[in-house]
Amino acid sequence: MLLIQDIRENHDALVARLAKRGIAAAPIFDAIIKQDDARKAIQKQLDDTLSASNNMAKQIGDLFKAGDAQGAQALKAKTAALKDTTKELQVQLQSAVDALQALVIELPNAPHDSVATGKSAADNEVVATWGSDIPLPKAAKPHWELCQELGIIDFETGVKITGAGFPVYVNKGARLQRALINYFLDYNTKAGYTEYQPPYFINEASGYGTGQLPDKEGQMYHMTADNLFAIPTAEVPITNMYRDTILKTEDLPVKCTAHTPCFRREAGSYGKDVRGLNRLHQFDKVEIVVIANPEESYRLLDEMVQHVGELLQSLGLKHRVLRLCGGDMGFTSALTYDFEVWSAAQERWLEVSSVSNFETFQSNRLKCRYRSGKDKPQLVHTLNGSSLALPRVMAALLENYQTESGIQIPEVLVPYTGFSTI
RNA sequence: GGUGAGGUGGGUGAGUGGCUUAAACCAACAGUUUGCUAAACUGUCGUGCGGGAAACCGUACCGGGGGUUCGAAUCCCCCCCUCACCGCCA
């Protein structure tokens, strides 16, 4: 959520930033400021009324103690009017707050200065490319065919026991996935990220904290018997560890990494996008989350981008880095870099990581703050990224490293897999 | 799942309707004292919202949500969580 204080103080700059998403924010800002003024006026009236009530209650108490029951009773009679006013003002305040909230919640995060104006993926900027095409055998196949022939991922059995989008990894497929997870986690912890194994289900409060609720409820699997939600990404439990928290400046930056399965209903997806490993209801991901002092959040974002890029390079995968344009960025992000690996046999780019700075957009809702010395608490900046999403990395590895004599495993993984070909 | 006991500031913990603007202690921070350390003493020591140039003032918050009352940390109802014992269980 954008900060109302920011909307008041940096009105024009924010309007310019939001224009990159194609949003004309000025009239919305005006409405917000007007509504906030109304809210303040009601708040003031309510506080004054409560103050009068409190004083009167105190006087009644004093009269009783002094033995003046009659005076107390007389004063009591006067409290009814104040009570009515209080009740009415409380209702008014609540609806003013709700109306304000409804306006603010509609606004996405304001894009960073470096973000290009644009409407869709076509306007994203390629900021880096790495690697070259690996010569493929004549009869190169997409990964779903390779998986079936080699017997390493069984989509049909997944359908039988659960449904589409829940593959079963078998044998060397399972082992390769486990190897990748361990390799990614080791790589992250070596870079100073603390490893976590968070819960895979979250409660409602956590859903609100990271913004899945109330709007994107339909994207998550919901266990109604216990009112818990299956996590769509490790970002949710990890970031929520810091909900309602005041950190010390010296605690920052907080750097976390976690491997979790991710559960997504993906309602409405169809076609070639969902073929094979491209889009699943359950998949594994290793995530990195950073909680930063606002002064250094963009330096840390660069660091994370560097980190993920080197991870892909160590696997020898051809990839490119995109700076997303205003229109293609997620609702909560101020600046996002996407990493896409080249899927040789499908001849398309597959997103394997998305690294973002949310500035205070998430922390405002999470109430995650930091305090330097005796200053008032300030909101932190939150950042996160994948390092990496497993299925698409797996797809790229299988497709790019297929040879006449099987799939060649990149050298860095061999200590983890225990085999060098599939 | 059953029964019982609990949930109060960064921590320990008092507080059964008004004398609580939540005691006291510990921790923390600042200062005084000191050759250094330690100790002692003094002071500061929550968060949100609103008002104010500021000092400061008002208001809300004692697990969460309702209710009773002129007045609730305190009484009532619902929910959540923790602990103990029992049951079940990898």
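Computation of the quantities below employed the complete heavy-atom set of this structure, encompassing side-chain atoms and omitting hydrogens, waters and symmetry-equivalent molecules. Computed from a prediction, not measured in an experiment: that's the story for all the values here. Reminder, nothing fancy here: chain letters follow the sequence lines and each chain counts from 1.
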Legend entry - Options rU47(B), rA60(B), rC70(B), nucleotide nearest the side-chain atoms of Leu50(A): rA60(B)

Legend entry - Side-chain touch Ser387(A)/Val286(A), heavy atoms, less than 4.5 angstrom: yes

Inset, instruction - Could you check which nucleotide pairs with rU16(B) in any of the strands shown, counting Watson-Crick or G-U wobble with both distances under 3.5 Å? - result: none

Inset, instruction - Please state how far atom CD1 in Ile42(A) lies from atom C1' in rC49(B), giving the value in whole angstrom units. - result: 14 Å

Legend entry - Nearest listed nucleotide, side chain of Gln43(A), among rU69(B), rU59(B), rG50(B): rG50(B)

Inset, instruction - Provide the distance between the two C1' atoms, one in rG9(B) and one in rA60(B), to the nearest whole Å. - result: 16 Å

Legend entry - For rA72(B), the Watson-Crick or wobble partner whose two distances fall under 3.5 Å: none

Legend entry - OP1 or OP2 of rC49(B) under 4.0 Å from side-chain N/O of Arg39(A): no

Legend entry - Of Ala41(A) and Gln59(A), the one whose closest RNA chain B nucleotide lies more 5': Gln59(A)

Inset, instruction - Report the C-alpha distance between Asn203(A) and Leu228(A) in whole Å, list the side-chain angles of each, state the deciding distance to 0.1 Å, and finish with yes or no for side-chain contact (heavy atoms from CB on, under 4.5 Å). - result: CA-CA 5 Å; Asn203(A) 58 27; Leu228(A) 296 173; 4.1 Å; yes

Inset, instruction - Round to a whole Å and report the spacing from CG of Asp244(A) to P of rG46(B). - result: 19 Å

Legend entry - Residues Lys190(A), Asp186(A): salt bridge by 4.0 Å N-O rule: no

Inset, instruction - Write down the partner of rC36(B) under the Watson-Crick or G-U wobble criteria, each distance required to be under 3.5 Å. - result: none

Inset, instruction - To the nearest Å, give me how far apart CG (Asn54(A)) and P (rG18(B)) are. - result: 15 Å

Inset, instruction - Could you check how far CD1 of Ile4(A) sits from C1' of rC49(B), rounded to whole Å? - result: 12 Å

Inset, instruction - Can you tell me the distance, in whole Å, between the CG atom of Leu75(A) and the C1' atom of rU69(B)? - result: 15 Å

Legend entry - Assigned partner base of rC89(B), Watson-Crick or wobble definition, under 3.5 Å: none

Inset, instruction - Searching all strands shown, indicate the nucleotide that pairs with rA30(B) (Watson-Crick or G-U wobble; both distances under 3.5 Å). - result: rU42(B)

Inset, instruction - Flag the pair Asp123(A) and Lys20(A) as a salt bridge only when some basic side-chain nitrogen lies within less than 4.0 angstrom of an acidic carboxylate oxygen. - result: no

Legend entry - Phosphate OP1/OP2 of rG71(B): any Lys83(A) side-chain N/O under 4.0 Å: yes

Legend entry - Lys160(A) and Glu156(A) ion-paired at < 4.0 Å: no

Legend entry - Length of the line joining Leu46(A):CG and rA60(B):P, which is rounded to integer Å: 9 Å

Inset, instruction - Return the nucleotide paired to rC83(B): Watson-Crick means purine N1 to pyrimidine N3 with N6-O4 or O6-N4, wobble means G-U with N1-O2 and O6-N3, both under 3.5 Å. - result: rG4(B)

Legend entry - Under 3.5 Å on both distances, the Watson-Crick or G-U partner of rU21(B): none

Legend entry - Paired nucleotide for rG58(B) [Watson-Crick or G-U wobble; both distances under 3.5 Å]: rC49(B)

Inset, instruction - Evaluate side chain to side chain donor-acceptor pair (under 3.5 Å) for Tyr183(A) paired with Ser314(A), printing each intermediate quantity in order. - result: CA-CA 11 Å; Tyr183(A) 173 61; Ser314(A) 75; 2.5 Å; yes

Inset, instruction - Give one of base, sugar-phosphate or nothing for Lys248(A), where a contact means two heavy atoms less than 4.0 Å apart. - result: nothing

Inset, instruction - Using the closest heavy atom to pick a nucleotide of RNA chain B for each, name whichever of Arg371(A) or Ala57(A) lands nearer the 5' end. - result: Ala57(A)

Inset, instruction - Identify whether any heavy atom of Lys40(A) sits under 4.0 Å from a base atom; if not, whether one sits that close to sugar-phosphate; answer base, sugar-phosphate or nothing. - result: sugar-phosphate

